[in-house]
Structures are given as structure tokens and as C-alpha cells.
Amino acid sequence: MTQITGKVFDIQKFSINDGPGIRTTVFLKGCPLDCLWCHNPESKGGDPEISFISEKCILCGYCAAVCPNKCHAISGKGHSYDRAKCLRCGKCTMECYSKALEVIGKEMSVEEVMSEVLKDVPFYETSNGGMTISGGEPMAQFQFTKALLEEAKRHKLHNCLETSGYAPMERYREIFRLVDIFLFDFKESEPARHLKCTGVPQEVIIRNLVELDSLGAKSVLRCPIIPKINDRKSHFKEIAKLADRLSNIIEINILPYHPLGKSKSSRIGKEYPMSCKEFPEDDEVRSWIEAVQDSTKVPVKKG
Amino acid sequence: MSTERKLTARVVRLRAELEKEFADVRRHMLLCDEEQRAFAEISNRAYAAGKGRPEVLRCADFLKLFAETMPVGIRKDELIVGSQRFTHPDWGRYLSKEQLEEGGPHSNHGHIIVDYGRILRRGISSARKELKSMPQGDNREAFILALDAFSTFIRRHSEACAQAGRDDIAAVCANIAEKAPLTFQEALQMVWFIQIFLHAEGNCAAISFGRFDQYLWPYLKLELAKERMDAGDVLELLCCFFMKCCEGDESQNLVVGGADLDGESMENALSLLVLEASRKIKVWQPSISVRIGKDVSEKFWKEALLLSTAGTGMPSFFNETVVQAGLEKAGVPAARAADFGIVGCYEAAPQGDSYPMTVGAGVSLPSILWDFMKTYPGGNDDFTNFYSEFKSFFKSHYEQKLLPSFVERWEHQKRSCPSPFESVCVTGCIESGLAAEEGGAKFNLFGVNILGLGTLIDSLLSIKKLIYDDNEFTLAQMKEQLGQNFPDRKLLLRCRSVPGKYGSDNARTNLLARELSTFIARIVISKPMPNGVRPYPGFFWFGADVTAKTPASADGRMDNDRLSYGCGPGVFLEGPAITSILNSVSNMDHGSCACGNPMTISLDKGDVGGKAGTDRIRQIIETYFSQGGSHLQFNIISPEDLRGAREQPEDHQDLTVRISGYSARFVTLDPRWQDALIERAEKGM
Ligand code: SF4
Ligand code: SF4
């Protein structure tokens, strides 16, 4: 088997919202976008991060004993961790049995990932599920993503690929036959706003989507809706319009903003840029879904 | 559309009444103080008077007095009559110490499925004829007395109904006081009378209905064919019956669906109506179970899944072929194993002709490991030595200590409470002339309830890693820590954090689970008692996972803390998804454990919404069963809801949850159980 490795930040079993059936979602690290509301801040950077959850720390001091750079200091007052000095070597995390310290973005081989993914084959079989690759942006670790898709197909798994659409088209062309369904993100319909909220231009994303569709690739359009940022009528209309241009689209998913990104940010020592704290109300989400559904025949669902 | 059928006004009234009474008593049995008092006094009078008489006759005398003098009341609106609210009296409240010594009541094991079908077919008069053919003796006399008493009891209900102006029900009762029932209502009423009488006789729990949809089907089939009843009428009767079941015993199992020996599906309209009634009436009894075999119809799946999302923690799903295999290993021939029902929580037994004594004895694995460790010197060994020595210890402990104690338990039961009415109802007793407790039934089993497999596996993993692989501690240090309940907190957490726990779908741990569970189960199932009774295992000991006082274990569990539940993971498993948990647990030796290998999964409401959600439940069941799992049930509840209910019980009166083998109102539970349920829900179990 191929020796390609990739940075994986999570493998989530019993994943039921990332494509059909019961699935395993492989989250890859690294993303070229910089969305204000990112749900998975730990996936942004391409390098491993050290996550520290102080509530879990039992002050045993094992981490301090192995750290080559003396980043951990345990005292009566508690545990201080100096990120500035940290080499991200991960040594301390191997000693932390209480899982207060963990590496996010482990280097894993295709074989290692697949051996986890294949454990749930019996569930994929009864539910018509399979593997989903998500991120981060899987296309940012293109060789690894491709190798995973190939290996999964060798085992006859159903593959979904979640993507921001921000990658060179020739790469999509190289893998689209291995992907049963693209879970394609669509974040903002006004190009200027798109650039502002995500840090990248929107035009190339739409071009990629339309071309993939013309190649026969099936897709689900996944639209995160964030109050005060893109919960506009005009955006809902544009979502519907875009969907109507696609002949192989299965459905539109409306993904309501959830503020989990916030607490996750602090664990890896980052500021979370959003101030919105609340989960949107069910009624509000329903009104978004209706607004999109009013303008298209493509089924619209909560994702 | 059958699902559109509404409850009748009568049922709605009765249900509201039940809810009101429930709010008053705050528990999941609707007992009546007056009836309990009358019952206690009758018991005392009869048993005191019969002192010195053979036990079986004392019991029959009691039944006679009970039938003749127990106050009989008919409640407004009810279609099934006869009260069970006298059960489980707090004897000390009604009887003095002297009275109890003089005439303490007879109490049997319960946990049985009698041959309802046979009694329905025969009726009392034919059964009496059969009894007359028994050889002379105490048993014959007692059996006849008991049956006569039963007839009296039914007749008195007929009279009471007539007095209350309920002539229709009076006629139903009169028709079955001697003769065999002919209509569905008569048959159902008869089943309920049997149930009351068994409870009066036994002072016990978990008397279960078995394959209700099989023995009652001929009666219903006729009604439907002659158009004397429609589905709505049946639903009304079933609801009335289920509400009756909420009165006394909290663990009356009722199983529907399944195949016969040849794999031919035996589902019928009644199977579906039972599921529908349970879903709509939303009461906590009887505990509905379903048998899942190869040929489950789409209609059956649909009803079973709808019930599973109704929020009552029912039904319990059983993997038919795996359960059957377990019974066959315990010496039950295939034809009878195929006719199993579920007793109490999860224990399978052939219905009608077995005396399964399903809660015969408990065996705590973590305690045995600790006993072993205390005697094992260690030093200069490796984990393989440790493990194989532990297994030898277990084997000899089982054979030399436990098995003889089981025999003693059985013999004690035989002497102390031969039960004449139960024996009349269990096939084999009349033929053999023996009471069920004396081994009169065709199949005699003895349930061995094994506790804490998950805790044992995690403890072994921790010993292997920390002591033998990584040499972090010595065996002596570990023993010291366990003996003193972990004075070293760091070591405690070290133990808890050992990776690869049972439930995380770790290949090596799965192998260990497979090997160890097979080793234990086979020791139990392979050795009959000298008297021929067959012990049969289940990795389940009711309630003991929460209440047993068990010394600290090497998985980092402190003295008396909770243990793993059923055949599921230990208490420190964190993180794995339910698919990983089920993959792990499917490695157990389910096929040897007909006495129950329960597994509960908690799902969030959001995971099971709509058709996609119920399909998902089905996929989970089918996947687990295709891998050999024997039982699965669901709690569809979020831990937040449970926490809310604990904090504000007055707002959550009707929150019904699956607690072990039965469903109960969350607010009535002991706080220890509430904690256990919240913690398990957080982990998806
Ligand atoms: S990752 Fe390495 S350098 Fe950073 S704190 Fe841990 S041991 Fe020290
Ligand atoms: S090893 Fe983990 S638990 Fe121990 S002091 Fe370090 S962070 Fe805390």
C-alpha cells in the first residue's frame, strides 16, 4: 500500500449528517480559507496543534518531565503552558493520560486511516453509508485525499468529499470519478462579501462547481447560514439560483451556525473572531429553509 | 391507515385516571393500601392456620382463603377486571413480628412464563379432570384446591360485576369460571386472572406473558373472521389490559413476533396491535419485547420502530437465532428453544414448560478478580501467567464454591415454596406429579447472573499495561492501592486512562472480550447440577451494576462505585461512537448467554427523527444482530433532559426511561439510578 501520509485531526464514526447512511468522516487538517465563523478552528492550520483542556489536567507533571523546551510548569496554582516556546513535538501528549493535552492533526498513513474506516463496514452495508472526507479542506492535502478515495473504492465504499470548492480544477478532474457525492460548500453569493468573510474569491468556486456538475458529478450544496452575516433574502435566492443551474444536484443543505467554534479556539490558544453566541432558534432555521425552497425545486433540508 | 387510529374515549379517561393516581403515589406501581392490608391479613391467617401442614397444602389453603375473602372491586369503565394492587405489601407495616413468624407468607421465585395457551385451551374444568388423574398425594390435593380456588376467584368477580351493573363483563367472567374461553375478551380476561393468582401465590416479580401474540391469536382470528370485532375494539381491550399491568409487578415481559422452528414467520395482526397499543397508551408495563429473525415483515418493523421512538424505552429487540442457540446449549431441544419467551428483563426461556429460575445467583467478576489478586503473589511473571492463573482461579472457584451453592439454593427453593397454582399452569408438573419448584417442569434451568464483564476487561487491560508492559507499578503496589481504595490519586487516574478500553473497537481488546466471555460462559453452561438442573449464563445481574458493594478495581474504579452494565463497556470508556461500542460488544459470546446479554444505546432525539431516523434505528439493530449481538434496546433521550428532570421533577412527571430491563418514570428512581442513566446517556449507552 502507498506510503503517503496526511494530517488528520479527527475520525468520526457514526457520522449521520455528512452524506447518506451511517458514515465515518475523516477530518483533514489545513484549509486555505479563513472563514469568520469556522466550526473547526483546529483544522485551519496545516501543522499539528497542541490542544490543552485545563479542566482535564490532573497536575501529575508527567508532561513537564518530558518536554524538551520546558513549556509546562506545574505549581500549586495550576498548570501553565507556554505556547510561544512550544515546538509541537507532541512528546508531552503521549504522557498525558488524562487527555488534557492532545495533538490535533496527527500524521497518519493511508493504511492507518483506512483500518479505522473499515471497522464500520457492517454499518455502511446495512445503511448504504460509507466514508466522508472533510476538513479543513481535503483538497489542500490532495495526494493524501486521492489515496484515501482510491483505497476506499478498492474496498467498494461509498465516498463523499466535502469541499470548499477552492482548489485547482484539474485536481477535481483527477478525482471526481472516485467521489460518489460532493458535499460542496457555498458560503456567500456576493463576491465582495465572500472575499471579506472567507479570505478567498468566490468566482473560481462557482466555476469549479458548475464544471464538476457538467462532468456528471453528483453534489449536495451545503450552505452555512450565519445570523447577521449571510441570512439575507437575496442570498437565499442566489442559493436557489445556483442550485437550479446544476443538473446533478441531489439537495441543498442549510447548516445553521453553531457557536462551538468558540470554545474550540481557546483550546489551541487562538482568538475566535465571531461575537455571535446563540444557536439560532428552530423557527428561524425553518424560515431560512422555506426561503430557499420557495425559489427552487431542488429539495432543501437542514444539514 | 392503522396508525391514524385514535384511542377511544374510555381509554383516554382510564389513562388520565392512571396518570392522576400515579402523580399521587410517585412510583411505578399503583398499589392500594387497603388491598395490601387485606392481602397481608389473609396470608397470615391462612399460613398460621396451616402451620405444620406440608408447604404445598399451606399455600393451597391460602389460595382458597384469598379467593373466598379477598375484597373484589370493579373500577368504573374498565373492560378487564381484577386488581393486582395488593402485591408487594410492606409486611412489617401490616403484620407484627409474631404474626410473621407464625404465618409468614409463602414467597416463590417468580420469573416464569406459565403455559397460558394450554389453560386457555383446556379451561378450568378440563384441567381439573387432568389433575384427578394424578397419583394420590399432597401435590394432587393441593393442585386441585388451587384450581378450585381459582374458579371461585373468577366467579366472585362475575358476581361483583353484576352488582356493579356491568353485566357484559359479568358474563365474560361467568363463562370462564369453569369452561374454556371462547372469545378474545374472555381469553384476555383469563390471562389477567391467571396473572393475579400467580402474584397472590408467589409474592414475587417478573411473571411474564411469553408469546402473547401466539396463544391469543386463535381467539382474535376468529373474532376478526366473523367480524365481531374490528381493530379499534382490539386496541381498546389491549390498552385496558396494559393499564392493568401497571398495577403491581414492574417487570412483566411480553414478547411478540418471531418465527417457528422452521424459520416460518409467526407474526399476525395481534403482534402489530400489541405494538400499536403500547405506543399509543404509553404506559410502562408490560415490558414489550420483539423477536427479530430472518423474515420480519416491513409492517412489523414499522410498528416496532414507531414504538421505539415513542419515548418509553420499548421495545427490547432480541436476536432470535442467537437466543435460541443459547437455550440449546443449555440442553433445551431445538423445537422448544424456538418457542422462547422473555422472562422479566432479558432472560429467555421456553414458554410454558420450563422453570427457568432466571435470577438464581449472581456472580461478580470484579470481586472474583480481587479475590484472585489477593492470593496471587506475582513477581517474575508476565501478563500471560497472570491471566491464565486468573482463569484457573475462576474455574475452580466456580466449580468448588459457586456451583455447590447453586445446588443448595435450588434445594432450598424446592423445600420452602412449592407453588400449587403455578404448577398447575406449567406443563410437565401434572404429568410428573411434582411442583415446579420440585423440578416438575419439562426444563429446569438456573440463571447465573454475571456482573461486571466490562469492568473486568478494563481492569485486566490496566494490569497488563501498567504492571507488565510498562512496569510503571508493581503488582504489590497495585494491590495496596486497591486494598486502600486508591490513596494515590495519580495512580488512580493513570488506571482510568489506559487506552484501548472495551468498547473502543480495539482489535486486541475485542479478542480478549471474545476469549474471556466464551471462557466464562462455557464453564457455566457446560456443567449440569447433580440434580439435572442446567445453569445458564447471562452477563447481567439486575441492579447490581449500580447497587452492589464491590471493592475498587484496577480500571480505576473506587470502592462501591458503579460497574459496567450488562455486557457493555466499563465506566471509564469515553469518546467512542455507538458503532464502535456495538462492534466491540458483538465480540461477546452471545450465543451461550440466553439468560440475557443486554445492551442499551442512547440516541438523541435529533438522530431518530422522521423516517430516516427510524430507518437508522433499524440499521443499527440489523448491523449489530448480523454480527451476532443478542439484544438491543434504546433510550431516546438527551442527558440534558434527564438532568432537567432531576432538578425539576414536578415538570417531568411523565418522562419514561428504560432502566435496565423495564421502563419506569425517571422521577421515581433512586438518585443513584438517575445518576447512572445520565452518565450513560452522555456516552451513548
Ligand atoms: S509539544 Fe513538545 S515542545 Fe510543546 S509542550 Fe509538548 S513536549 Fe513541550
Ligand atoms: S500530563 Fe496531562 S494531566 Fe499531567 S500535568 Fe501534564 S497536562 Fe496535566
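Here the structure is a predicted model, which means the values were calculated and not measured. By convention in this document, chain letters (A, B, ...) are assigned in the order of the sequence lines, proteins followed by strands, and residues within each chain are numbered from 1.
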Counting only heavy atoms not in [X] (residues, nucleotides, ligands), do more than 12 fall under 6.0 Å from its [atom1]?
X	atom1	value
B:R489	CZ	no
B:E574	CD	no
A:K99	NZ	no
B:M558	CE	yes
A:K56	NZ	yes
B:K479	NZ	yes

Nearest heavy-atom neighbours spanning A:S127 and B:Q619: CB-OE1, 3.1 Å
Nearest atoms (heavy-atom pairs only) where B:R494 meets A:E95: NH1-O, 3.2 Å
Structural part of B:D470 lying under 4.5 Å from a heavy atom of chain A: side chain
Under 4.5 Å from a heavy atom of chain A, the part of B:E622 involved: both
How long is the straight-line distance from [atom2] of [Y] back to [atom1] of [X], given to the nearest 0.5 Å?
X	Y	atom1	atom2	value
A:K13	B:I581	NZ	CD1	11.0 Å
B:D607	A:N17	CG	CG	7.5 Å
A:K119	B:S584	NZ	OG	8.0 Å

Residue pair B:L603, A:F14: steps toward the side-chain contact (heavy atoms from CB on, under 4.5 Å) verdict: CA-CA 11 Å; B:L603 292 171; A:F14 192 59; 4.2 Å; yes
pair A:F123-B:R616: side-chain heavy atoms closer than 4.5 Å: no
Chi angles and distances behind the side-chain contact (heavy atoms from CB on, under 4.5 Å) call for A:I22, B:I620: CA-CA 9 Å; A:I22 296 172; B:I620 294 170; 4.1 Å; yes
